[in-house]
Amino acid sequence: MLEKTYRPETVETRLYEAWEQSGAFAADPAGARRPYTIMMPPPNVTGSLHMGHALTFTLQDILIRFERMRGRDALWQPGTDHAGIATEIVVTNQLAEEGKTRGDLGRAAFIERVWAWKAESGGTITRQLRRLGASADWPRERFTMDTGLSAAVRRVFVTLYREGLIYRDKRLVNWDPVMHTVISDLEVDNRETRGKLWHIRYPIEGEPGRYLVVATTRPETMLGDTGVAVHPEDARYADLVGKTVRLPLVGRLIPVVADPYADPEKGSGAVKITPAHDFNDFEVGRRHGLEAINIFDRDAHLNDAVPERYRGLERFVARKKIVADLDAAGFLEKVEDQVSMVPHHDRSGEIIEPWLTDQWFCNAAALAKPAIEAVECGQTVFVPRQWENTFFEWLRNIQPWCISRQLWWGHQIPAWYDRDGNVFVAETGEEAALLAAERHGRPVDLTQDEDVLDTWFSSALWPFSTLGWPDATPELKRYYPGDVLVTGFDIIFFWVARMMMQGLHFMGDVPFRTVYIHALVRDERGQKMSKSKGNIIDPLDLIDRYGCDAVRFTLAGLASPGRDINLSEKRVEGGRNFATKLWNAARYAEINGCAPFGNATPPDFDPRQCRLTVNRWIGGATRDCATGVTAALETFRFDEAAHLLYHFVWGTFCDWYLEFTKPILAGDEAAARAETQATTAWVLARLLCLLHPLMPFLTEELWHELGGAGMLIGAAWPDLPPDLHDPEAAAEMDWIVAAISTIRAIRTEVNVPPAARLPLVVRDADAAAASRIERHREHLLRLARLSDIAAAGTAPAGGLAAVVDGATLILRVGDVIDLAKEKARLAKEIGRLDGDLRKFAGKLANPDFLAKAKPEIIDEQRQREADARRDRDRLQAAYDRIAAG
RNA sequence: GGGCGCGUAGCUCAGCGGGAGAGCACUACGUUGACAUCGUAGGGGUCAGAGGUUCAAUCCCUCUCGCGCCCA
C-alpha cells in the first residue's frame with residue numbers, strides 16, 4: 001500500500017535513472033514518428049541552476065513530455081556554452097586568489113587551466129538539470145567548443161568573410177580597459193551615475209576676452225578635442241560658426257561647427273567634440289571632417305598625444321588634474337551636479353572607454369534583412385506576439401556586430417597574417433598557408449590572429465551546429481528547423497535574432513517556427529533576485545524541501561504570458577499540498593480496489609458504457625479537462641493547464657466524485673461497485689497522464705504503484721472521444737452539488753452542529769428535481785448530513801428554506817430556530833434577487849437591446865430572468881409562511 | 001526622448017464585450033478509515049481615475065495619474 005504522504009526524495013533520483021537508462025529521452029531519427037524539436041538554450045558550462053533556469057527548463061520539459069506522449073519523435077537537444085568572458089573572468093579570479101595573473105601562465109597554460117575547470121565544474125549544471133526532471137537526449141549533449149561545433153564556427157566565419165559579410169575595420173568600439181577586450185554594444189550596461197557637469201571656457205581665436213563655454217561630463221577627454229559644435233539654429237552662437245577656438249591646456253586651434261547634435265537646452269548649448277572617445281562625437285567628427293585623436297592607451301591611461309605633464313595618467317586621475325589646471329588658469333566657469341548614463345561592461349562592471357581599434361565586424365544589417373522578413377511573414381511567430389516589436393526594433397536599427405574579443409577562452413579567429421600584415425582567412429592553418437604561398441609565390445611564415453570570437457557567434461549556430469552541420473547528417477535533415485524555442489526576453493537580441501540570421505543564411509530556413517518568450521522570475525514582492533539583495537531563491541533548495549514536482553507545478557501555474565513571475569515559497573507549499581492531495585486520492589483508489597490496471601479493471605473498459613450517472617458524469621468531466629489541458633499546452637498556456645488540472649483533481653474528482661462513490665464502493669451491489677472501481681481507475685490513469693508533463697516524478701511513481709503497464713513517460717496522451725461528455729449526467733450532478741452546497745450553507749448560517757443530522761422537506765419540486773432527489777437520495781443524506789428526506793405538500797414548522805433550481809428545500813431544525821433571524825435571512829436573499837430582476841427587466845424592456853443583441857444572448861437573459869423570478873417567488877412563499885405562522 | 005507592458009479581494013495573480021474569479025492570508029466550526037500537507041462554511045472588490053464608442057464596458061478607444069521594463 002502507498003504510504004501516507006508522498007516522499008519525493010525517495011523517488012526522484014531512482015525514477016530519473018530508470019528513465020534515462022531505458023532510453024526514454026532519446027530521439028529516434030530512424031523512426032517513422034513525426035519529429036518535434038526543442039533546442040535547449042545552452043547554459044554556461046561552469047554555471048549552476050538558478051530560478052530562471054528552473055522556469056525555462058521546466059516549461060521546455062513540459063512541452064517535450066507532452067509532445068512525446070502525443071506520439072511525436074521528441075528531440076530535446078541539450079548542451080552547454082563555453083561562455084567566453086564569463087568563464088574567463090571566473091578562472092582569472094581563481095588565479096588572482098593564487099596571486100597569479102593570466103599573463104603569468106601564458107595563453108596555452110591558461111586555456112589548459114580553463115579546460116580543467118570545465119572538466120571539474122562542467123557537470124554541475126547538467127546534474128542539476130536532471131534533478132529538475134529534464135528529459136533531454138543526453139547522449140547528444142554538445143558543447144560550443146566541441147570539435148564539430150568549432151569546425152562549424154570556422155566554416156561560418158570563412159564563408160561570411162568570403163561573402164564580404166565579415167571584415168576588418170577600424171572603428172570606435174567599447175573597450176574594457178581592465179580586461180583589455182572589446183565588447184559588443186549589447187554587453188554595455190548604461191548605468192545612471194551621479195557625476196558633474198563641468199563648464200569650460202574655450203577662448204575664441206581673434207577675439208581676446210571672449211569665450212565659448214562648453215559643458216562636459218568628461219573633462220579629461222578635452223585633450224582629444226578637435227572641434228566644438230553648436231546647434232545650427234542657436235542664435236547665441238550663430239556668429240561663431242566657422243571660427244576657431246583655442247583648446248585650453250593644449251593650445252590646439254579647433255573649429256566651431258554647426259551640427260544638430262548640439263542640444264541648445266543642455267548645458268551651455270555648445271559641446272566639445274572628441275571623435276576618438278565618444279560615439280556621438282565620432283559621427284559629428286565624420287560629418288565635419290574633424291580629426292580623431294586617440295589620447296588613451298589600452299589601460300585608458302593618457303598617451304603621447306597629450307601634453308607631457310598629463311602623459312601616463314589614468315583617466316580619472318587625469319580628470320582631477322585637468323579640472324584643477326583649468327580652474328587655476330581661469331578656464332573653469334562652473335561645475336554642476338548631474339546624473340548621467342555611464343557605460344559599464346555588464347560582466348566585469350568596469351567603465352567602458354570608447355576606443356579606436358582594429359576589430360573584426362560582421363555586417364549584421366545584411367543578415368538581418370531576411371530575419372526581419374521571416375518574422376514579418378509569419379515563418380517564425382513570437383508568443384506573446386508583442387515581442388516581435390522588440391525583435392524588429394533592434395534588427396531594423398542594427399549596427400555592425402563587433403565579433404572579435406581580446407580573450408583567450410573561445411574560438412580563435414581563423415585568420416592568419418604574414419609579415420606585411422596581409423590577412424589569410426581559412427578554416428585551417430594549412431589552408432591559410434596555401435593561400436599565402438599562392439599569393440607570395442613561395443611559402444611564408446604566418447601567425448594566427450590572437451583574438452577569439454564573441455561567445456554569441458557560436459551560440460548563433462546552435463540550432464544546426466549541434467545537428468552535425470556542415471555535414472549533411474540525417475539529424476540535420478530531420479530536426480531542423482526546430483519547433484519551438486523557449487527563452488527569456490533578455491536574450492532576444494543576443495541570441496534569438498542571431499540564430500535567425502545565421503539559420504536563414506546557412507540553412508535557408510528559420511531555426512524554429514515559434515519563439516515562446518517567458519518572463520523573469522522575481523521574488524514574492526516583485527524584486528529582481530540578486531546576490532546583493534539576498535533574496536535569491538535556490539531552485540535546488542526548493543526541490544529538496546518540497547519535491548521537484550511541487551516546484552515545477554508551481555512555476556507552470558505562475559507562467560502567465562507577458563507577466564513576470566513573483567515567486568513565493570507559499571506558492572510552492574501549495575504545489576506540494578497538491579501533490580499530497582493527488583497522492584492520497586491514489587492511495588484511496590488503491591485501498592478500494594481502483595488501481596488503474598489492477599485486477600478489478602477490465603482492460604477493455606469504456607467509460608461510455610457506464611450506467612451510473614455519477615460515473616457518466618465524471619467520464620465527461622475528465623474529457624472536458626483533457627480537452628482543456630491539451631488546448632492550453634498547445635497554446636503555451638502553462639498556467640491554464642496547471643489550474644485546470646488543479647481544480648479538476650481537487651475540486652471535482654476528490655471533493656465530489658470520490659465522496660459520491662464512497663457508499664457504492666462500500667456497498668454490496670457488485671455491478672455498481674465494479675463499474676465505479678473501473679471508472680475511478682480509468683479517471684485516475686488519465687489524470688496521471690495529463691499531469692505527467694507537469695509533475696513527472698509523482699505521476700510516474702503512482703503509475704508504477706498502481707500497476708500501470710510500462711512507464712508513464714512513454715504512455716499515450718489521452719485523446720478522449722467527444723461523446724464521453726454526457727450533458728444530462730452533468731446537469732444532474734451539478735444540481736446535486738448545488739443542493740448539497742446550499743444545505744451546508746444554511747446549516748452553517750444558523751450554527752447547526754456539524755454532527756447533527758436534520759430532516760429535509762422538499763416542497764413544490766418539479767418532475768426533474770423530484771427524480772434527481774430520489775435517485776441521489778443517498779448522496780444528499782450523507783453529504784448534507786440529513787436524517788431523512790420527505791416530500792410535503794404543506795409547510796412544516798420550524799424550517800429553513802432555500803431554493804435550488806426547481807425545488808424548495810426546507811431544512812427542519814426543530815424549535816431552536818430564531819424566526820426573526822430566519823425572516824431576515826430570507827429577506828436578504830429576496831432583496832438580492834429583486835436587484836437582479838430589476839437589471840433583467842431593464843434590459844428586456846429596452847427595445848434597442850431586443851433589436852441589436854444577439855438572439856442567444858436575449859434568450860439567455862430571459863431564461864435567467866425566469867429562474868430568478870421563480871427562485872424569488874419560492875423564497876417569498878417561504879417568508880410568507882413564517883410571517884403567517 | 002522613443003517603445004512595450006502593468007494598475008481587478010489584505011497579498012500574488014487569472015479573466016478581457018452580456019452573470020466579478022483562483023490561490024494564499026483571514027474568521028467560524030470540524031463530522032465520515034484517502035488526505036490536518038485535510039474538511040465544511042463565511043467575510044472581503046464604485047475591476048486606478050475621467051471621458052468616449054456600444055443596446056450593453058473590468059474588457060474596445062482617448063486622456064490623466066501611479067508603477068515596471070527595454071532602447072537612446
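Just so we're clear, the structure is a prediction, and the values are computed from it rather than from any experiment. What's counted below: heavy atoms across the whole structure, side chains too, no hydrogens, waters or symmetry copies.
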State, with a plain yes or no, whether a side-chain heavy atom of A/Arg587 is found less than 4.5 Å away from one of A/Lys4. yes
Rounded to the nearest 0.5 Å, what's the gap from CG on A/Leu833 to CD1 on A/Ile830? Could you check? 8.0 Å
Report the residues that fulfil ring-ring contact (aromatic ring centres under 6.0 Å, His included) with A/Phe660, sequence neighbours left out, ordered by chain and then residue number. A/Trp617, A/Trp656, A/His779
Does A/Glu590 use its side chain to pair, donor to acceptor, with the backbone of A/Leu2 at less than 3.5 Å? yes
Is it true that a side-chain atom of A/His277 and a backbone atom of A/Pro354 form a donor plus acceptor pair closer than 3.5 Å? yes
For nucleotides B/rA9 and B/rG15, find the distance between their C1' atoms and express it as a whole number of Å. 14 Å
Taking the C1' atom of each, how far is B/rC59 from B/rG2, in whole Å? 28 Å
Of A/Tyr6 and A/Asp848, whose nearest nucleotide on RNA chain B comes first from the 5' end? A/Tyr6
In whole angstrom, give me the gap between the P atoms of B/rG42 and B/rG5. 39 Å
A/Asn389 side-chain proximity, nearest of B/rA34, B/rA14, B/rC4: B/rC4
Taking B/rU31, B/rC13, B/rA34 as options, the one with an atom nearest any side-chain atom of A/Ser560 is B/rC13
Specify the separation, in whole Å, of atom CZ of A/Arg782 and atom C1' of B/rU31. 11 Å
By ring-ring contact (aromatic ring centres under 6.0 Å, His included), A/Tyr546 pairs with (sequence neighbours left out) none
For nucleotides 38-43 of chain B, just jot down a letter per nucleotide in 5' to 3' order: B, S or -, based on protein non-hydrogen atoms under 4.0 Å. SSSSS-
Applying a 4.0 Å non-hydrogen cut-off, can you work out what A/Arg576 is touching in the nucleic acid: base, sugar-phosphate, or nothing? base
Please give the distance between the C1' atoms of B/rA20 and B/rA28 as a whole number of Å. 25 Å
Can you give me every donor-acceptor pair (side chain of residues 849-856 of chain A, partner residue at least two apart or in another chain, under 3.5 Å) with its distance?
none

Starting from P on B/rC24, measure out to CD on A/Glu573 and report it in whole angstrom. 10 Å
Looking only at heavy atoms, which two atoms of A/Ala559 and A/Tyr516 are closest? And how far apart? O-OH, 4.1 Å
A/Leu658 CG to B/rA34 P: how many Å, rounded? 10 Å
So does A/Arg218 pair up with A/Glu353, basic N to acidic O under 4.0 Å? yes
Just compare B/rC35, B/rU12, B/rA20 and give me whichever is closest to any side-chain atom of A/Glu659. B/rC35
Taking only the side-chain heavy atoms of A/Thr580 (C-beta and beyond), determine which of B/rU32, B/rA34, B/rU37 contains the nearest atom. B/rU37
Would you find a donor on one side and an acceptor on the other, under 3.5 Å apart, between the side chain of A/Asn615 and the backbone of A/Thr679? no
What is the distance, to the nearest angstrom, from the NZ atom on A/Lys4 to the P atom on B/rG33? 12 Å
Starting the side chain at C-beta, find the nucleotide from B/rC35, B/rC24, B/rC4 nearest to A/Lys570. B/rC24
With B for base contact, S for sugar-phosphate-only contact and - for none (protein heavy atoms under 4.0 Å), nucleotides 67-72 of chain B reads ------
Could you walk me through whether A/Phe638 and A/His518 pass the side-chain contact (heavy atoms from CB on, under 4.5 Å) test, one step at a time? CA-CA 11 Å; A/Phe638 304 96; A/His518 62 246; over 6 Å; no
Residue list, ring-ring contact (aromatic ring centres under 6.0 Å, His included) with A/Tyr657, at least two apart or on another chain: A/Phe653
Can you tell me if A/Arg563 touches the phosphate of B/rC6, counting only side-chain N or O atoms and a distance under 4.0 Å to OP1 or OP2? no
Taking only side-chain N and O atoms of A/Arg637, does any of them lie within less than 4.0 angstrom of OP1 or OP2 on B/rG15? yes
When the C1' atoms of B/rU8 and B/rU58 are considered, how many whole Å apart are they? 7 Å
Heteroatom pairs (N/O) under 3.5 angstrom, protein to nucleotides 16-18 of chain B:
from   : atom 1 : to       : atom 2 : distance (Å)
B/rG18 : O2'    : A/Gln861 : NE2    : 2.7

In whole angstroms, how far is the C1' atom of B/rG5 from the CZ atom of A/Phe391? 20 Å
Interatomic distance at P, B/rC4 relative to B/rU12, whole Å: 26 Å
Which residues in residues 544-556 of chain A have a heavy atom closer than 4.0 Å to any atom of RNA chain B? none
Just one of A/Ile352, A/Thr193, A/Asp189 clears the side chain to side chain contact (heavy atoms under 4.5 Å, CB included) bar with A/Val342, so which one? A/Thr193
Partners of A/Asn174 by side-chain hydrogen bond (donor to acceptor under 3.5 Å, both in side chains), sequence neighbours excluded? A/Asp185
Salt bridge check, A/Glu860 against A/Lys843: does any charged N sit closer than 4.0 Å to a carboxylate O? no
With sequence neighbours excluded, tell me which residues meet side chain to side chain contact (heavy atoms under 4.5 Å, CB included) with A/Glu865. A/Leu837, A/Phe840, A/Leu844, A/Arg869
Hey, mind stepping through A/Leu702 and A/Leu582 against side-chain contact (heavy atoms from CB on, under 4.5 Å) and telling me if it holds? CA-CA 9 Å; A/Leu702 287 175; A/Leu582 180 71; 4.2 Å; yes
Take atom CD1 of A/Ile517 and atom C1' of B/rG5, then tell me their distance rounded to the nearest Å. 14 Å
Distance, rounded to the nearest Å, where A/Leu567 contributes CG and B/rC13 contributes C1': 13 Å
Taking Watson-Crick and G-U wobble pairs with both distances under 3.5 Å, convert RNA chain B into its dot-bracket string, 5' to 3', dots for unpaired and | for cross-strand pairs. ((((((((.[[[[.)..(..]]]].(((((.......))))).....[[[[[..)....]]]]]))))))).
Under 30°, 30 to 60°, or over 60°: which ring-plane class applies to A/Trp387 and A/Phe489, parallel, tilted or perpendicular? parallel
Side chain of A/Thr5 - closest among B/rC55, B/rU12, B/rU37: B/rU37
Between B/rA50 and B/rC55, how far is it from one P atom to the other, in whole Å? 23 Å
Considering only heavy atoms and no angle criterion, is a donor-acceptor pair shorter than 3.5 Å present between the side chain of A/Lys839 and the base of B/rA56? no
Please identify each residue that fulfils ring-ring contact (aromatic ring centres under 6.0 Å, His included) with A/Phe493, with sequence neighbours left out. A/Trp394
Round to the nearest Å and state the distance from A/Arg785 atom CZ to B/rC29 atom C1'. 13 Å
C1' gap between B/rG44 and B/rA22, integer Å: 15 Å
